[in-house]
2 protein chains.
Amino acid sequence: MRKRPVSLKTLAQALSVSMSTVSRALRNHPDISPELTRKVQLLAQELQYSPNPLAMGLLRSQTYTIGVIVPDLVTHFFASIISGIERVANEHGYHIVIRSSYESYQKEKECLADLLKLRVDGIIMCLAQETQEYAHFDALLDAEVPLVFFDRVCRATEVATVVVDNQEAARRITRHFFEGGYRRIAHIAGPASLNITQERIEGYQQALAACGLPFEESLLVHCDLSIASATAATQRLLALPNRPDAIFGVNDTTAFAAMKELKRQGLRIPQDVALVGFTDEFHATVVEPTLTSVMHPTVEIGQEAALLFLEQARAATHPAPRQTILTTQLVVRDSSAPKPA
Amino acid sequence: MRKRPVSLKTLAQALSVSMSTVSRALRNHPDISPELTRKVQLLAQELQYSPNPLAMGLLRSQTYTIGVIVPDLVTHFFASIISGIERVANEHGYHIVIRSSYESYQKEKECLADLLKLRVDGIIMCLAQETQEYAHFDALLDAEVPLVFFDRVCRATEVATVVVDNQEAARRITRHFFEGGYRRIAHIAGPASLNITQERIEGYQQALAACGLPFEESLLVHCDLSIASATAATQRLLALPNRPDAIFGVNDTTAFAAMKELKRQGLRIPQDVALVGFTDEFHATVVEPTLTSVMHPTVEIGQEAALLFLEQARAATHPAPRQTILTTQLVVRDSSAPKPA
DNA sequence: GTGAAAGCGCTAACAG
DNA sequence: CTGTTAGCGCTTTCAC
């Protein structure tokens with residue numbers, strides 16, 4: 001059996017004073033004589049005393065723990081957001097407990113419930129793809145538990161959110177294609193229920209209109225963000241009687257899958273079909289041709305989310321939900337080089 | 001201010017019975033009358049009672065929390081291992097608290113100290129690159145705190161570890177090159193202090209010997225696993241008067257960096273220089289040429305690590321440290337196609 | 001200046 | 001069958 005770590009009691013007994021004295025001495029309470037204070041602190045140091053957070057948690061109903069729920073732990077996008085959260089959280093004395101919803105609505109509810117049972121001080125999360133009901137957040141909102149959504153959000157008027165300028169980014173991509181001479185611009189979008197999907201579609205359509213291009217329903221296909229589904233979506237596009245000459249994928253994984261499928265079908269990029277991704281992972285520079293992509297400030301998303309959490313955690317009264325919109329940047333590479341005349 | 005959640009006391013008062021009765025009823029203690037038990041459980045359900053883990057933690061000195069320390073949260077390798085840990089941990093009622101050491105020895109010690117202060121039930125970790133002193137684990141070992149190392153390990157006779165068959169994998173790669181007709185086989189290794197580096201170098205040298213090839217010091221270069229450093233290492237190899245015709249990178253990131261540099265210098269892969277990576281990320285299939293790589297069972301590493309933790313956590317007496325060795329597989333792709341005669 | 005007591009939420013002897 | 005008590009580690013009145 002593991003022995004219990006040194007507690008205030010241990011120190012108190014060793015010094016033949018009361019626990020409360022030790023407690024005060026450790027926090028430099030002015031009531032305690034300087035000498036005693038010094039003696040207590042010295043012994044504490046020596047015995048490696050560290051206050052038991054469980055006891056403090058019980059007392060204060062505060063655990064300095066943030067629950068983080070992501071749809072998927074492995075994807076670079078989420079991994080680097082977690083990294084951002086972790087950094088800011090730790091800097092402010094918080095720990096993070098991570099759970100994956102595996103893109104499942106059911107699992108998301110479970111994770112949420114588990115984390116609340118664990119008494120986390122708040123939640124930072126990204127909605128699962130499946131999630132289309134948002135009632136499971138009622139309890140949090142009622143109890144004013146700090147809550148922050150990032151990337152995929154809902155109830156944005158009630159909850160703090162961190163998102164990127166999806167619409168603008170989609171406009172920029174579409175315009176970029178147009179300026180490169182591409183006229184049949186397709187978009188492999190994500191699941192229709194997600195805000196990011198909708199926003200990017202809107203931007204795509206706005207830019208088409210601005211460029212004087214018609215919006216063709218057949219050039220807008222959906223995928224569930226998996227590689228298999230992105231491949232299938234690409235196949236649907238390429239099977240069209242009048243196939244697109246440019247494809248804008250909802251993220252880099254989608255774009256990579258599309259790239260693979262294009263190559264498999266013997267199509268040249270960008271001569272036959274140009275390609276742009278979204279997120280800008282390191283690998284965008286390694287694939288051939290290098291992939292034009294929208295740079296997503298992933299680490300900043302995480303950091304900002306953590307800051308929004310802290311804002312709520314520290315506020316005496318529940319603050320109005322803040323929306324943070326981070327800006328993206330189009331990084332042009334070979335996969336979208338201007339169309340040869 | 002957030003209101004406190006319902007406690008046993010709440011239930012007890014509502015039903016005008018004592019807390020202990022409620023406590024027993026909730027756990028179906030045979031002493032409590034069936035009707036009372038039912039009534040209590042019903043109310044608990046209704047009021048969404050959930051036992052306070054802080055209170056339980058105080059009582060039992062057990063938090064059902066595992067501290068996980070990785071050198072880096074973003075890398076696919078660690079992200080998927082974390083995913084494996086998370087899955088098994090959650091299945092067994094544990095939560096994981098994640099920290100990144102950022103490959104720093106100092107930070108690693110901090111993370112460890114922080115997690116212990118948090119009263120985690122144990123630690124699962126991968127050593128930071130910088131770490132070459134292992135005294136900070138003494139306290140854990142003394143206190144018999146469950147500890148599991150994965151991938152990069154130390155004190156393997158005292159601590160449970162999960163590793164892959166690095167030596168065998170390196171032998172297989174080297175032999176694969178040899179069989180493809182390559183004779184000047186270089187290895188971009190990791191930092192010399194890491195066990196994985198040493199093991200892979202040993203396997204590399206063994207296979208060279210077995211193939212009747214001399215070991216040339218200049219063909220063995222080190223990098224710190226960063227992209228920049230891998231690029232520099234590649235440059236050193238290519239600057240040799242008699243440059244290698246095959247390169248075996250210590251991981252995929254290294255291989256990708258090498259690939260990029262090879263292309264930059266106008267060298268063809270594999271005609272001029274063949275390339276093999278280690279870890280087999282998805283992107284190995286997207287780059288051009290597709291990258292031959294050693295498939296690392298990352299998720300399994302995480303799962304196995306979690307199981308080793310559970311074994312220790314549940315054991316009445318501290319069990320002898322178990323070493324798990326997982327097997328890898330060489331996935332052959334275009335970057336190491338046989339050398340044209 | 002310092003100590004005693006109560007309480008955060010819970011369980012486990014020990015009584016009845 | 002059920003209630004009382006003590007204690008896990010800590011802070012905070014309230015006494016002295």
Side-chain angles (χ1 to χ4, degrees), chain A residues 1-41 43-44 47-65 93 116-121 143, chain B residues 1-41 43-44 47-65 93 116-121 143:
Chain A
M1 200 53 191
R2 284 167 61 181
K3 60 183 183 305
R4 288 178 178 277
V6 292
S7 66
L8 278 195
K9 203 197 217 171
T10 324
L11 299 181
Q13 288 172 344
L15 296 168
S16 311
V17 292
S18 75
M19 281 174 55
S20 25
T21 302
V22 176
S23 169
R24 283 185 270 239
L26 285 176
R27 287 170 309 140
N28 292 309
H29 192 104
D31 272 4
I32 307 294
S33 72
E35 352 160 35
L36 217 191
T37 299
R38 218 179 36 76
K39 229 168 63 183
V40 169
Q41 296 189 349
L43 186 67
L47 267 46
Q48 307 245 55
Y49 168 79
S50 93
N52 188 322
L54 298 171
M56 291 301 296
L58 248 194
L59 212 54
R60 307 239 183 275
S61 295
Q62 219 196 352
T63 56
Y64 287 96
T65 290
L116 291 178
K117 281 188 202 153
L118 189 66
R119 306 305 200 255
V120 295
D121 286 349
Chain B
M1 199 55 190
R2 282 167 65 182
K3 61 183 182 307
R4 285 176 180 276
V6 291
S7 66
L8 278 194
K9 202 195 215 171
T10 326
L11 299 181
Q13 287 172 344
L15 295 168
S16 313
V17 291
S18 77
M19 278 175 58
S20 28
T21 301
V22 176
S23 169
R24 284 185 271 240
L26 286 175
R27 288 171 307 142
N28 291 306
H29 193 104
D31 273 4
I32 307 294
S33 73
E35 354 163 33
L36 217 191
T37 299
R38 218 180 36 75
K39 228 167 64 182
V40 170
Q41 296 190 350
L43 186 68
L47 266 46
Q48 308 246 56
Y49 167 78
S50 92
N52 188 322
L54 298 171
M56 291 301 296
L58 248 194
L59 213 52
R60 307 237 184 277
S61 293
Q62 217 197 352
T63 55
Y64 286 95
T65 290
L116 291 178
K117 280 188 202 151
L118 190 65
R119 307 303 200 255
V120 295
D121 287 349

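In what follows, every chain begins at residue 1, and chains take the letters A, B, ... in the order their sequences are listed.
Between the CG atom of L58(A) and the C1' atom of dG9(C) there is a distance of 5 Å, rounded to whole Å. Following rounding to the nearest Å, N52(A) (CG) and dG9(C) (C1') show an atom-to-atom distance of 14 Å. When the P atom of dC10(C) is taken as reference, atom NZ of K117(A) falls 14 Å away, rounded to whole Å.
R119(A) contributes no side-chain N or O that forms a donor-acceptor pair with the base of dG9(C) under 3.5 Å. The base of dA12(C) has none of its N or O atoms less than 3.5 Å from a complementary donor or acceptor on the side chain of S23(B).
Side-chain atoms of T21(A) never come within 3.5 Å of backbone atoms of V17(A) as a donor-acceptor pair (strictly under, hydrogens ignored).
For the residue pair S20(B)/S23(B), the side-chain donor-acceptor check at 3.5 Å is not satisfied. A donor atom on one side chain and an acceptor atom on the other are found under 3.5 Å apart for R119(B) and S50(A). Side chains of T65(B) and D121(B): a donor-acceptor N/O pair is absent below 3.5 angstrom, by distance only.
The two residues V22(A) and A12(A) have their closest heavy-atom pair at CG2-CA, 3.6 Å. Contact record, A44(A) with L26(A): CB-CD2, 3.7 Å, taken as the closest heavy-atom pair. Taking both residues in full, the closest heavy atoms of Q41(B) and N28(B) are given as NE2-OD1, 2.9 Å, listed atom of the first, atom of the second, then distance.
Contacts of L54(A) with the nucleic acid, taken as non-hydrogen atoms under 4.0 Å apart, are absent. Residue-level contact check: S20(B) touches the bases, meaning some heavy atom is under 4.0 Å from a base atom. If you check every strand for non-hydrogen atoms under 4.0 Å, D31(B) touches a base. Base engagement by R24(A) is indicated by at least one non-hydrogen atom pair under 4.0 Å involving a base atom. Counting any heavy atom pair closer than 4.0 Å across all strands shown, P30(B) reaches no nucleic acid atom.
Extent of DNA chain D lying under 4.0 Å from chain B heavy atoms, first and last nucleotide in 5' to 3' order, is dC1(D) to dG9(D).
Annotation: of the two residues near DNA chain D, I32(B) and L59(A), the 5′-most nearest-nucleotide partner is I32(B). The residue among A55(B) and T21(B) whose nearest nucleotide of DNA chain D lies closer to the 5′ end is T21(B).
Side chains of Y49(A) and L8(A) form a contact here, defined as non-hydrogen atoms less than 4.5 Å apart.
At least one side-chain nitrogen or oxygen of R4(B) sits closer than 4.0 Å to the OP1 or OP2 atom of dG9(C).
Atoms OG and CD, from S33(A) and E35(A) in turn, are 4.5 Å apart once rounded to the nearest 0.5 Å.
Taking every heavy atom of residues 5-19 of chain A and every atom of DNA chain D, pairs under 4.0 Å involve S7(A), L8(A), K9(A), M19(A), by number.
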